[in-house]
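One structure is given here, and the rest of the page talks about it.
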Amino acid sequence: MNRTPDHRRDTDGGLAGGMPAVAVAPTGARWERAAMILLLLYAVAVASWFALGDRQLAGGLLIRLLLPVPVAAMALLLAWRASAQLPLDLGTRRFWRIMILAIALAPAEQLARSVPVTVGGAWADLLLVGTALASPLAMFSALMQLPTAPRSAVDRLKLFLDMATVAVGGLLLAWFTITTTEGMTDNATRLWFVLLQMQGVLDLLLVLVASIVWRRTVLQHRANTLSIVGAALLANFLGHTASVVQMLDGTLRPDVMHMVTPLSVSLLAAAAWVSTVGVMQHDTRKPRERRATSSSLLPYVATLPGFALLLKVALEQDAQPMIGLVFGAVLLTVLAFARQIVSSREAVMALAEAAARENEARFQALVQHSSDVIMIVDPDGTIRFASPSMTTVFGHDPAKLLGTNLTQLLHPDDLDVGVCFLEELAGSPRRTGDPTQGTLKREWRLRNANGDWMTVDNVGTNLLREPVVGGLVLNTRDVTEQSVIKLQYMHQAFHDPLTDLANRSLFLYQVGHALARHARLGQPVTVLFLDLDNFKTVNDSLGHAEGDRLLVEAARRLAVCARASDLIARLGGDEFAVLLEDAESEDDVLVFANRIGEALSRPFILAGKEVFVNASIGIARSTRGEGSDELVRNADVAMYVAKTRGKGQHVLFEPQMHQAALERLVVEADLRRAIEHDEFFLQYQPIVQLATGDVIGAEALVRWKSRDRGTVPPGVFIPIAEETGLIVPIGRWVLRRACREAQRWTCERDFPCRITVNLSGRQLQDAQIVDDVRAALEESQLDPELLVLEITESMLMHNTELSMQRLVALKELGVSLAIDDFGTGYSSLSYLQRYPIDILKIDKAFVEVIDQGGEGPVLAQAIVALGETLRMRTVAEGIETEAQRGALLRLGCELGQGYLFAPPLDAEDYWPLLVARGVRSSVDSMRRRALSADAA
């Protein structure tokens, strides 16, 4: 198919640009190098032995044939290995495949020479001719497979013309020698004499082809391989020439080719080894080492034998006109050759000058039309040249700038930068072979013709030592737009997109710098960590858009409270931080914290409503050795403590807080492992009828027995589980286990047994809570009427719509709903009427004072009355004395639980109590009978 210039390969078989087609190759080992040395030494030894001992050999044909065999075998092995190397290009592999045949034919020549002596006949002559000519022809075919062999029609025509010139010169000399030699009456001897002449000419042609391919080779290791191959071919040529001289002199011993063949074959083996081990090398030859193909003198030298023969014949005939004509022809030919060489060099010089002029014109056009400004200035800044693009980019006339100083155009703040840049550039001269030496890059602002400042990027090159330039070259590009975009990206990277305050990265960076500055002076740095209380309620009730407005307004109020030297940041969500660098005392910090608290406590107007949001503030002051992360972490820990103390407060960090925070992290990690390793168990506190003491059911209470900590109190791990969300999987496990136990008790007693399970706020907000309850009931086969789900009163005040939807869905499953710790929250009666509640549980705080007279029983009495009014059952918690039990009975409370009846029990201990004291009639039927009696 047709190939465009972009698809052509270079002259060395690699891809355009000098890169080889394959970049992976094996590396020769030491033993291979040692084997090659031994092979060459062996070849020299064989050749020497033939040279010194051949006269004493009588009938030594077998010895002459066997001694070179190791050399030929090793050469064949290495050539086969080179032909199988995939990292080599395809042409080189083909070269070695054909060279395998040529190497195998080389020793056969000696055998063929002996055949006429022993066999005789036409077939022997044909064998002799075939073996003598086959090896050179195979080598020629191999050389033409190389990637640097001539490929185009013009190159091949030049090659064949050169080969024809050499062949004619060699054949002319051979013809003269053959026709003038007498005394060779033996046909076999005369045939061998002719073949030696032909082989010499073919060897000379191979040397010519190898030299042309060698000149075209770019990579050094391939040139080395061809040099060794050329040496082997030259050795063959010298051997055949020496054999011809021997036959002319009548001296046939020692046979030169017996000495030359092992040496030439060993050189081919060395070439194959070099080709294999050098495939990873990509060093290129210097241009002066690669002359043009047309510069070869071998074709010119090949014409000399013809003139020499003419001169010899003329001198022998002693004919003066003939001698003069020969001398004249020789002189004219030499002059013609000289004129051709001079013309060729002149053409090369003309081409070089034309290329230089073309490059100069191209460079001038590029400078004239470049969008970059090119200036040549002296080391002191004097402008000596400015490209025409100075007008289009900056609006200045280049001619008017000549002789002025570059510093006059620089921004005052960048003046020192420009002067230092020129001094540094002038002191860093460019060195040959190092393109980075003497080149600097700098950015500054430059004034345009309108007086505006433009940000420019400058690349300076020191060409003071260049005769044509003799100055500092500045390549200036307008990067004003890119600079603005970069500043915008920098601002976005370090500022919060909603409030435009600093973000966490910038805040930590500035805290680190403040700590480094004030550490030298021994002054503390203060960080305030703020979290908006109840912000999630605003988001859930009014929407995220109003929540964002709240954050923006909170940021504005913080900015009003802060000073110019303070740094305010939004760390994420509803978390803010303030950096104070010059607060001398804790009192100053507390005053600032109070000011922030008062600013944020004022109502926010969102969606036409007043919304009150306080802030919990943690304060941390640096001591010796803290880092920015540690200081901010300490403030975060103090803020967390402020939240646990009731929110809307500010707390100063104390070292023990950090220990408590670490302990909390450890508990959280252990809690996660406890879920994986099933370390939880349930205890059951009986719920009894106050009048009879009969057990109607139990409340399931989760307990944790850690492998490392032992039994962990619920007050320690339940708040952490609530905050981290781990209460959801824990609650799911409690539901399944409690329902399974209640169903087992129901089946074994053959009477329904109720079970009460607490639901946390996180569980009620979880979208899977209804599915979890349904799955627990279906898995255990427990009647839904026997399951009571407890929720706290405060949960009704958060996410009212969502809570209503979830409670209604749970109620539709058939379970009962109870409000735990009723009376301690802030729920209104309207909410209580709306929610599908079945049971009110009187908090322990009201039960403790119920028997103390005065106003003690008033709240408990009101809750019992409210339950009767709303047709809800009441359960009193924390009953510990008979007096409390009697007071509750007098108020009309039906059910209760507490240590008076039984503490929380394991399942094995609760079962005997249930068997002994469990009710045997329905609680609902008893309540209906009691209500009927009261009505009567």
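Heavy atoms only: backbone and side chains are in, while hydrogens, waters and symmetry mates are out.
With hydrogens and angles left out, the side-chain atoms of N758 and E699 include a donor and acceptor closer than 3.5 Å. Side-chain contact check for T792 and D820: no donor-acceptor pair (N or O, by modelled atom type) lies under 3.5 Å. Using a 3.5 Å distance cut-off with no hydrogens or angles, the side chains of S780 and R740 do not pair a donor with an acceptor. No hydrogens or angles considered: a donor-acceptor pair under 3.5 Å links the side chains of Q685 and Q897. A donor-acceptor contact closer than 3.5 angstrom links the side chains of D500 and H491.
Residue-environment remark: CD (E481) stays at or below the threshold of 12 foreign heavy atoms within 6.0 Å.
Geometrically, R557 engages F604 in a cation-pi contact defined by less than 6.0 Å to the ring centre and at most 45° from the axis.
At a threshold of 4.5 Å between non-hydrogen side-chain atoms, the residues L530 and L600 count as touching. At least one side-chain heavy atom of L810 sits under 4.5 Å from a side-chain heavy atom of V770.
Considering all non-hydrogen atoms of both residues, G648 and S616 come closest at N-OG, 3.4 Å. Closest heavy-atom contact between V815 and V773: CG1-CG1, 4.4 Å.
If you take CG on L786 and CD1 on I755, they are separated by 10.0 Å, rounding to the nearest 0.5 Å. Here the straight-line distance linking atom CG of L580 with atom CG of L567 works out to 10.0 Å at 0.5 Å rounding. The structure places NZ of K841 at 9.5 Å from CG of L895, a figure rounded to the nearest 0.5 Å. To the nearest 0.5 Å, the span separating CD1 on I596 from NE2 on H650 amounts to 10.5 Å. To the nearest 0.5 Å, atoms CG (L888) and OG1 (T874) are separated by 8.5 Å. Taken from CZ in R762 to CG in L726, the straight-line distance is 9.0 Å, to the nearest 0.5 Å.
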Starting from the C-alpha separation in whole Å, work towards a yes-or-no answer on salt bridge (Lys or Arg N to Asp or Glu O under 4.0 Å) for R556 and E553.
CA-CA 5 Å; R556 188 193 65 80; E553 177 61 19; 2.6 Å; yes
Take R672 and E668 through the salt bridge (Lys or Arg N to Asp or Glu O under 4.0 Å) test and state the conclusion after the steps.
CA-CA 6 Å; R672 294 182 185 275; E668 178 183 345; 3.1 Å; yes
Just do the salt bridge (Lys or Arg N to Asp or Glu O under 4.0 Å) check on E723 and K643 with the steps written out, would you?
CA-CA 12 Å; E723 184 177 347; K643 278 189 173 294; over 6 Å; no
Just do the salt bridge (Lys or Arg N to Asp or Glu O under 4.0 Å) check on R673 and E676 with the steps written out, would you?
CA-CA 5 Å; R673 285 193 295 270; E676 297 176 0; over 6 Å; no
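Using a 30° and 60° split on the angle between ring planes, F717 and W704 fall in the perpendicular class, above 60°.
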